Structures are given as structure tokens and as C-alpha cells.
A.B. asks: 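One structure follows; several queries about it will come next.
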Amino acid sequence: MTDPVDVLIVGAGASGAAVAWSLAETRMRIVCLEQGDWMNPTEYPSAGRDWEARAFSDMSISPNRRKRETDYPVNDANSPISVANFNAVGGSTILYAGHFPRFHPSDFRVRTLDGVADDWPIDYRTLEPYYAENDRMMGVSGLAGDPAYPPKASVMPPVPLGRAGTAIAKGFNELGWHWWPSDTAIATETYDGRDKCINLGACSSGCAQGAKASTDITYWPHAVRAGVEVRTRCRVREITTNGNGMASGVVYFDRDGVERFQPAEVVIVACNGVGTPRLLLNSTSGRFPDGIANTSGLVGKNLMFHPYASIQGIFDEPLDGYRGPGVCIWSQEFYETDPSRGFVRGYTYEINRGRGPVATALTGMFSGRIPFGEGHHEAYRQLFSRIAGMVGICEDLPEEHNTVTLDPELTDGHGIPAPKIDYTLSENSRRMLDHAVARATEVLTAAGAKDVITEAPIGVGGWHLMGTARMGTDPERSVVNDWGRSHDVKNLFIVDGSIFVTSAGVNPTRTIQALALYIADSMKKRLADLFD
Amino acid sequence: MPATIATDNPFTADEQRTLLALVGAVIPASAEFGTPGADDPAIAADILATARPYHAAVASALSQIESTAATRYDAAYTDLDAATRATIASDLSRSRFAGVGTLVTITAQCYYRDDRVMRSLGMVPRSPYPDGFEVPRGDWSLLEPVRQRGRIYKEV
Ligand SMILES: Cc1cc2nc3c(=O)[nH]c(=O)nc-3n(C[C@H](O)[C@H](O)[C@H](O)COP(=O)(O)OP(=O)(O)OC[C@H]3O[C@@H](n4cnc5c(N)ncnc54)[C@H](O)[C@@H]3O)c2cc1C
Ligand code: SF4
């Protein structure tokens with residue numbers, strides 16, 4: 001047994017980092033257990049000639065393909081969308097693209113506005129100060145004045161428009177539709193010890209330049225300096241409880257594979273929308289036979305992904321190709337519900353600049369646009385630096401039959417049961433995807449594209465993991481309360497995307513982190529009566 | 001076709017011959033663009049080294065290729081002309097035979113990082129980091145119509 005700690009955080013990703021940093025000022029003894037390693041940015045793919053190839057092996061977005069010792073397998077055979085993540089200090093932000101939109105005020109009120117899902121127990125205004133604090137800590141670039149949002153400041157100027165952004169922006173203008181420079185978690189100026197973006201174009205394999213705000217280089221250095229201890233290669237098997245039904249600590253395997261018990265006064269789970277329900281379901285006891293914090297039966301239910309549509313145009317003139325961050329501009333023309341479209345809620349378009357030489361070849365060869373053999377080179381040159389387009393990020397509504405459960409056979413390297421995903425695309429999502437493909441085709445055509453390549457949903461696109469331990473005020477309909485505390489276990493908190501009530505039609509991380517800061521603040525305000 | 005290369009890999013001599021015949025048919029040399037084929041010795045060595053961890057899948061693809069050649073043409077794949085070899089590879093890839101997809105992916109990865117190929121595309125053969133690239137900042141006055149239209153979010 002190791003010395004007891006005041007606060008034990010499981011997971012050092014986007015949310016674990018934010019909550020650790022915020023709580024550090026309390027001077028409590030805080031330890032974070034993370035199954036992965038600290039990453040060494042000089043070893044990221046963009047520092048080597050094989051940078052595109054490594055996205056298929058050790059830096060793949062799929063844990064099942066990557067198979068690092070620090071990964072756990074995910075059985076997602078029964079889902080049209082497979083799980084993408086990364087396990088390290090920084091979590092999935094090591095690989096994320098850095099699209100950094102906020103939710104909208106309407107996103108917290110979908111039951112009231114559209115009669116579907118549930119309203120959140122908090123609203124945009126509750127999170128607003130935490131969004132702003134998180135923007136400062138992560139270093140957000142963008143352009144103030146986006147008419148799709150309530151006013152918000154920007155910390156740094158936006159990423160460049162580039163040739164691709166210019167062409168596609170003109171397409172949106174032609175149709176009279178909204179677009180705006182994306183808010184991004186990418187430093188466009190030197191910021192908080194980080195270098196500015198130099199357009200390496202490999203953001204989703206780790207940013208060797210340190211411009212992209214992964215939490216290993218944003219929150220964590222500050223949290224560690226403030227006294228938080230991060231223990232890497234420590235994989236938590238279960239959260240334990242005492243006779244009073246309170247969490248007593250966790251059992252974990254250390255870097256030598258030795259099983260240890262870490263006692264704690266407070267346990268905070270930050271393992272993401274798949275890792276968190278997995279851990280809770282693995283934490284069974286006489287008192288909690290179906291997993292800790294699960295008397296509602298909702299742990300692992302309501303999994304939301306954001307089905308993605310990819311719509312890529314082929315242009316005559318060369319655009320940005322392999323240069324520049326994946327993030328560029330966005331459009332929220334189809335964000336709010338319009339009943340005439342045949343679906344509720346909506347989606348965001350995020351514009352992709354282009355792709356590298358290998359990705360161009362694979363796109364062309366597997367879509368039949370580049371022949372095998374004779375004609376390969378001619379056709380390749382018609383695509384090289386000439387592909388640009390967008391993705392449509394569709395709001396995924398919560399449905400109880402979309403689940404994370406424990407696989408009866410599959411385990412990780414420590415023998416801990418692995419998560420199993422069961423997910424079906426709803427009719428609402430299917431219609432939204434079709435709409436996104438059709439409207440984007442119009443934009444790209446207006447922008448001058450001569451051909452369009454589509455995929456909907458993107459099969460490998462399970463990068464947003466939400467809803468599997470939802471927040472709410474009713475203990476029968478939610479897992480945590482309106483400030484992240486388990487209804488059942490009063491010293492157990494959850495701070496990651498699991499607690500989302502709905503998914504909105506935007507990337508989740510800015511909201512995940514704002515929520516983590518809000519929960520940390522709620523805890524700090526209640527330190528004297530935290531468990532009441 | 002170049003002679004068999006690299007011996008310190010799990011591929012048998014027969015598998016290597018089939019693999020070379022396949023990758024050279026998928027991406028042939030081009031006099032017009034001044035590029036080597038994927039069966040160029042340096043590129044093929046890179047392909048074989050990169051394919052090592054995927055040996056089982058790739059070997060099964062190669063055996064599928066040979067058996068398709070035998071069934072369709074009663075010939076060894078390596079004896080077929082380049083166009084026929086490319087057609088077989090394309091057909092199997094389209095039928096989503098996983099190993100063929102893996103091999104084609106590895107071929108593209110290795111081919112498009114070769115110095116000569118990158119130069120022929122106007123690229124400087126180097127890693128993206130540390131020099132990075134230039135991207136034009138663009139003209140934000142393009143936003144004027146969006147600004148003029150005004151607020152589109154829903155107040156609640
Ligand atoms: C390829 C890709 C692109 C993305 N792009 C974007 C984007 O552009 N914008 C955006 O907003 N979001 C994006 N995301 C999603 C974003 O990365 C996540 O939303 C965010 O990182 C989630 O934060 P989190 O704290 O919930 O979990 P994570 O960041 O995933 O962190 C969870 C951590 O918990 C650790 N952990 C899990 N279980 C255990 C255990 N039992 N013991 C110890 N440690 C454990 C994991 O190792 C991991 O480090 C992307 C993700 C991927 C994979
Ligand atoms: S494009 Fe910018 S943010 Fe992306 S990897 Fe390169 S330097 Fe980092």
C-alpha cells in the first residue's frame with residue numbers, strides 16, 4: 001500500500017490535466033495515475049521521412065492497430081464507427097486535430113427547443129468563464145466576431161486561410177452561407193513557452209513543433225510545478241469502496257506490473273467516454289454489483305460519437321496539399337434545427353486543407369480515381385495538392401442502446417476486461433449525414449471542384465466519446481450530479497466527455513475541459529462540506 | 001525486373017518475386033515523369049522492410065495473387081504481362097481482400113517518400129519538421145458578406 005493522497009485522478013488527458021491544474025492551488029496532495037507515457041515530441045512522425053506511414057502503425061488513431069503496451073484493445077466490431085484515442089500524458093489530445101469550437105447556448109436546451117434527449121442541468125452561461133480560462137491555458141487562436149456564437153475573445157490570430165480555405169470560402173460566399181476562421185487549439189504566435197505553428201501538416205500524429213495544445217505541454221507542466229504528481233505506466237483496474245459506500249482508493253498495476261493499492265480521500269475519473277465506463281463497470285463490489293456509481297443503470301449507456309461525413313473536392317488548380325494544419329475554417333450554416341430538413345439538431349462543417357503525398361495516392365487508388373498500372377502517374381498528378389474539402393460533424397443524440405459494456409473475453413495486457421461497443425446509426429443521423437453530403441457538394445462545386453469523393457459515416461471516426469456517465473439532477477436518470485459528483489458515491493467525481501448529456505454538433509474537447517474546470521471550481525467552493 | 005533483394009526478412013524467395021512483380025505492376029516506372037517503379041531496388045527494399053510486421057497478411061495476399069493467376073490464366077503471376085498483373089491486383093484490392101489492401105498501402109507509403117519521386121512532384125525530399133512550410137495567410141475581407149448577414153445563433 002502507498003501513502004494515502006487527498007485527490008486521486010485517473011487519466012492524464014484533456015480533462016484530467018485541467019482538473020489537476022485547477023485543484024493544485026488547494027495544496028492538497030494530488031496524484032494522477034496514467035497508463036501511458038510522457039511523449040517525446042522529437043520522436044513524432046513529422047520529424048521523420050516516414051511521417052505518413054506512422055499514422056498506420058505506432059501513431060495510428062486506432063488502439064487496435066497501434067497496439068502499444070500502453071493501449072487497451074476495444075471490441076468495436078458491432079459498430080459502424082470504430083474508436084479512436086491515444087493513451088499517454090496528454091491523452092487523445094496528443095493526436096487531436098485541435099479544432100476547438102465551443103457549444104452554443106441552444107446545445108444545453110435540446111429537450112426544451114426540440115423535444116428530444118434532455119436539457120443539461122447547467123447552461124452556456126455557467127460554462128462561459130471556464131471556457132475563457134481554458135482558452136488562456138490551452139492558447140486558442142481564432143477571430144473574434146463569429147456571428148454563429150455569442151461574443152467571445154480570441155487569444156491569438158487565426159490559422160492561415162491558405163489556398164484551400166480561400167477557394168472554399170468563396171464557395172460558401174457564392175451560396176450566401178456562413179463560414180468563419182476556426183477557433184483552434186494551435187498557437188499561431190509563441191505562447192506560454194510553446195513555439196508557433198509552422199504548418200507541418202501532421203497535427204493528427206503529434207505536433208513536433210509544440211504548437212498544438214496537447215495537455216502534456218499546456219496544463220501539465222503548470223500542474224506539476226504546482227505540486228501534482230503524475231505516475232505514468234500505472235493502469236487502474238478498479239475503484240474500491242469502504243463499508244460506508246465511499247470510494248477508498250484504486251487498485252492499479254504499476255510500470256513493473258506489480259498490483260498496488262492507492263488509498264485516496266477523493267477519486268476523480270478522467271478516462272474518456274469509453275475508458276471511464278469501462279473502469280466503473282470493472283469496479284464491482286457487494287454494494288455495487290453492477291459497477292460503482294451505477295444504481296441508475298446508465299453507466300456505459302447513451303454512447304455518442306458524432307457521425308462524420310467526409311466530402312472532398314478535386315480541383316484543377318494546386319491548393320495547400322500537405323502544407324498547413326488540418327484546421328482552417330468552419331461553417332455553421334446548418335447548425336440549428338430546421339424541421340424542413342427532415343431531422344432535428346444540426347452539424348458543423350470543418351474545412352480540410354489537403355493531404356500528403358501518400359494519403360493522396362491511397363485516396364485515389366482506393367476510390368478508383370488512380371488506376372493500378374498504366375496511367376497511375378498521370379492520374380496521381382490530377383489529385384496531388386488538388387484535394388480539399390470538409391467534414392460534417394453531426395450531432396449524435398443519446399440512445400440507451402448505444403453502449404460500452406465489458407467484453408466477456410477480450411482483455412488488456414494486465415488481464416483487465418476490455419470495453420465492447422454496440423452502436424447503431426440512428427435514422428436522424430443518417431438523414432443529417434445525407435444532408436451534409438449534399439450541401440457540401442454544392443459548396444465544393446461552387447468553389448470550382450470538378451469531382452467529389454464522399455464517405456459517410458467515416459468508419460474510423462470514433463474520436464469523440466461522450467454520454468456514458470451523463471450528468472443530471474435526477475439520480476434515476478443520470479450518473480453524476482450537476483457538478484460532476486456521483487449520485488451514489490459522494491467522494492467520486494467524473495470530469496471527462498462521459499458526463500455529456502447531449503453531444504452538440506461540434507468537437508467536444510473545449511467543453512470537456514471547461515466542464516472539468518467548472519467541476520474543480522465547484523469542489524473548491526465546497527471543500528468544507530464536499531461529501532454532504 | 002530487378003533481382004530478388006534483401007535476405008533478412010521473413011518473405012520466402014518466391015514471395016519476394018511475386019511481391020516485386022505486383023508492386024512494379026501497381027506503380028510502374030515512368031519515362032514521361034522521370035520516376036522509378038515501385039519495384040526499383042531501393043523502394044522495393046523499403047517495402048519489404050516495412051511489410052515485415054504484416055508478414056502474415058501480406059503473404060496470404062501474395063498467395064491469393066498467385067492462385068488467381070493460376071485460376072484465370074494457368075500461369076505464374078510473375079510470368080504475366082504488366083497490364084494483366086495490374087488488373088489482378090486491382091480486382092483483388094476492390095474485392096477488399098485485406099492483405100492486398102495492406103500491401104498496396106505499404107507500397108504507396110514507401111514509393112511516395114522516395115527522394116526521386118518527391119522531387120518529381122516538386123517537393124523537397126525532407127521531413128516536415130523542423131523547417132515547416134509556408135501557407136498564405138489569405139484575405140480576411142472575404143468575410144464581409146458573412147459579417148453583413150449578422151447573427152445566426154439561437155438565443156435561449
Ligand atoms: C485523431 C483524433 C482527432 C481528434 N480531433 C479533435 C479535435 O479536432 N477537436 C476536439 O475537440 N477533439 C478532438 N478529438 C477528441 C479529443 O482528443 C478528446 O475529446 C479529448 O482528448 C478527451 O479528453 P478526455 O480527458 O475525456 O480523455 P483522453 O484525452 O482520451 O484521456 C484519457 C486518459 O485516460 C487514460 N486512462 C484510461 N483508462 C485508464 C486506466 N484504467 N488507468 C490509467 N489511465 C487510464 C488514458 O491513457 C488517457 O491518457 C480527437 C481525437 C482523436 C483521437
Ligand atoms: S501544422 Fe502546426 S499545429 Fe499542426 S503539427 Fe504542424 S506545427 Fe503543429
Side-chain angles (χ1 to χ4, degrees), chain A residues 44 46-53 56-57 104-106 108-109 112-113 123 143 145 147-150 160-163 165-166 169-170 173 176 178-181 198-202 208-209 320 322-324 332-333 335-336 357-358 360-362 365-366 368 371-374 376-377 381 384, chain B residues 25-28 30 32-33 35 46 50 53 82-83 85-90 93-94 101-102 104-113 115 117-118 120-123 125-140 142-147 149-156:
Chain A
Y44 284 148
S46 62
R49 289 290 293 279
D50 55 353
W51 64 279
E52 285 190 274
F56 291 86
S57 55
H104 300 70
S106 65
F108 297 89
R109 293 286 171 268
T112 304
L113 293 171
D123 60 13
L143 186 68
Y149 275 99
L161 195 51
R163 292 194 182 89
T166 301
K170 286 179 180 164
N173 278 354
H178 168 265
W179 66 277
W180 201 258
I198 50 170
N199 303 310
L200 302 177
Q209 171 79 350
D320 298 323
Y322 51 90
R323 305 173 195 84
Q332 293 187 326
E333 182 65 27
Y335 197 83
E336 304 286 358
V358 173
T360 303
L362 296 176
M365 290 165 87
F366 290 126
F372 286 28
E374 188 68 32
H376 175 95
H377 300 283
R381 280 157 178 77
F384 181 62
Chain B
V26 171
I27 309 184
S30 164
E32 184 188 353
F33 296 104
T35 48
D46 192 8
T50 307
R85 280 184 277 134
T87 304
I88 291 179
S90 175
S93 161
R94 228 176 286 136
T102 304
V104 170
T105 301
I106 292 170
T107 303
Q109 285 169 3
C110 298
Y111 186 79
Y112 284 102
R113 67 183 177 218
D115 285 8
V117 175
M118 288 176 79
S120 81
L121 293 169
M123 296 178 76
R126 63 166 171 87
S127 60
Y129 183 79
D131 292 341
F133 303 106
E134 285 298 320
V135 174
R137 205 177 67 89
D139 174 9
W140 296 117
L142 275 172
L143 279 169
E144 210 34 56
V146 186
R147 288 184 200 277
R149 188 174 151 204
R151 198 189 92 180
I152 62 165
Y153 72 90
K154 193 179 267 177
E155 198 71 81
V156 292

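Just so it is clear, the model here is predicted, and its values are computed rather than measured. Every chain is numbered from 1 and lettered A, B, ... according to where its sequence line falls, protein lines coming before strand lines.
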A.B. asks: Using a cut-off of under 4.5 Å on heavy-atom pairs, state which of B:V156, B:L121, B:I27 scores highest against chain A.
C.D. replies: B:L121

A.B. asks: A:H178 versus B:R149: any side-chain heavy-atom pair under 4.5 Å?
C.D. replies: yes

A.B. asks: Going by ring pair (Phe, Tyr, Trp, His ring centres under 6.0 Å), name the residues that satisfy it together with A:F372, two or more places apart in sequence or in a different chain.
C.D. replies: none

A.B. asks: Please determine, among A:P150, A:S57, A:P181, the option with the most heavy-atom pairs under 4.5 Å with chain B.
C.D. replies: A:P150

A.B. asks: Can you check whether A:Y335 and B:Y153 have ring centres sitting under 6.0 Å from each other?
C.D. replies: no

A.B. asks: What closest approach, in Å, do B:E134 and A:R323 show between heavy atoms, and which atom pair accounts for it?
C.D. replies: O-CD, 3.6 Å

A.B. asks: Is A:F108 close to chain B through its backbone or its side chain, or both, or neither, when contacts mean heavy atoms under 4.5 Å?
C.D. replies: neither

A.B. asks: Do you know which of A:K170, A:Q332, A:R163, A:E333 has the most heavy-atom pairs with chain B at a distance under 4.5 angstrom?
C.D. replies: A:E333

A.B. asks: Side chains of A:F366 and B:T105: closer than 4.5 Å at any heavy-atom pair?
C.D. replies: yes

A.B. asks: Counting heavy-atom pairs under 4.5 Å with chain A, which one of B:A89, B:P28, B:A82, B:A86 comes out on top?
C.D. replies: B:P28

A.B. asks: Would you mind checking which part of B:A83 comes under 4.5 Å of any heavy atom in chain A, side chain (CB onward), backbone (N, CA, C, O), both or neither?
C.D. replies: neither

A.B. asks: Main chain of B:V117, side chain of B:S120: is a donor-acceptor contact present, judged purely on distance under 3.5 Å?
C.D. replies: yes

A.B. asks: Do any N or O atoms from the side chain of A:H376 and from the backbone of B:A25 form a donor-acceptor pair under 3.5 angstrom?
C.D. replies: no

A.B. asks: Go through the atoms of A:E336 and report whether side chain, backbone, both or neither lie under 4.5 Å from a heavy atom of chain B.
C.D. replies: side chain

A.B. asks: Have a look at B:Y111 and tell me which of B:D46, B:V26, B:T35 forms a side chain to side chain contact (heavy atoms under 4.5 Å, CB included) with it.
C.D. replies: B:T35

A.B. asks: Check each atom of A:Y149 against the heavy atoms of chain B and say whether the ones under 4.5 Å are side chain, backbone, both or neither.
C.D. replies: backbone

A.B. asks: Please identify, among B:G132, B:C110, B:S127, the residue contributing the most non-hydrogen atom pairs under 4.5 Å to chain A.
C.D. replies: B:S127

A.B. asks: Mind ranking A:G48, A:P147, A:P357 by heavy-atom pairs under 4.5 Å with chain B and telling me who comes out on top?
C.D. replies: A:P147

A.B. asks: Highest number of heavy-atom pairs under 4.5 Å with chain A: which of B:K154, B:R151, B:R94, B:E144?
C.D. replies: B:K154

A.B. asks: Looking at A:Y44, A:W179, A:F384, which makes the most heavy-atom pairs under 4.5 Å with chain B?
C.D. replies: A:W179

A.B. asks: Judged by atom type as modelled, is there a donor-acceptor pair below 3.5 Å linking the side chain of A:N173 to the main-chain atoms of B:P145?
C.D. replies: no

A.B. asks: Heavy-atom cut-off 4.5 Å, strictly under: side chain, backbone, both or neither for B:S93 against chain A?
C.D. replies: side chain

A.B. asks: Between A:S106, A:G145, A:A148, A:P105, which has the largest tally of heavy atom pairs under 4.5 Å with chain B?
C.D. replies: A:A148

A.B. asks: Considering only heavy atoms from C-beta outward, does the side chain of A:Y322 approach that of A:E52 to under 4.5 Å?
C.D. replies: no

A.B. asks: Scan side-chain atoms only and decide if B:T50 and B:Q109 contain a donor-acceptor pair under the 3.5 Å cut-off.
C.D. replies: no

A.B. asks: With a 4.5 angstrom heavy-atom cut-off, is it the side chain or the backbone of B:P53 that approaches chain A, or both, or neither?
C.D. replies: neither

A.B. asks: Out of A:A361, A:G324, A:A208, which one racks up the most heavy-atom pairs below 4.5 Å with chain B?
C.D. replies: A:A208

A.B. asks: Identify which part of A:D123 has an atom lying under 4.5 Å from any heavy atom of chain B, answering side chain, backbone, both or neither.
C.D. replies: neither

A.B. asks: Is B:A108 in contact with chain A via its backbone, its side chain, both, or neither, using a 4.5 Å heavy-atom distance?
C.D. replies: both

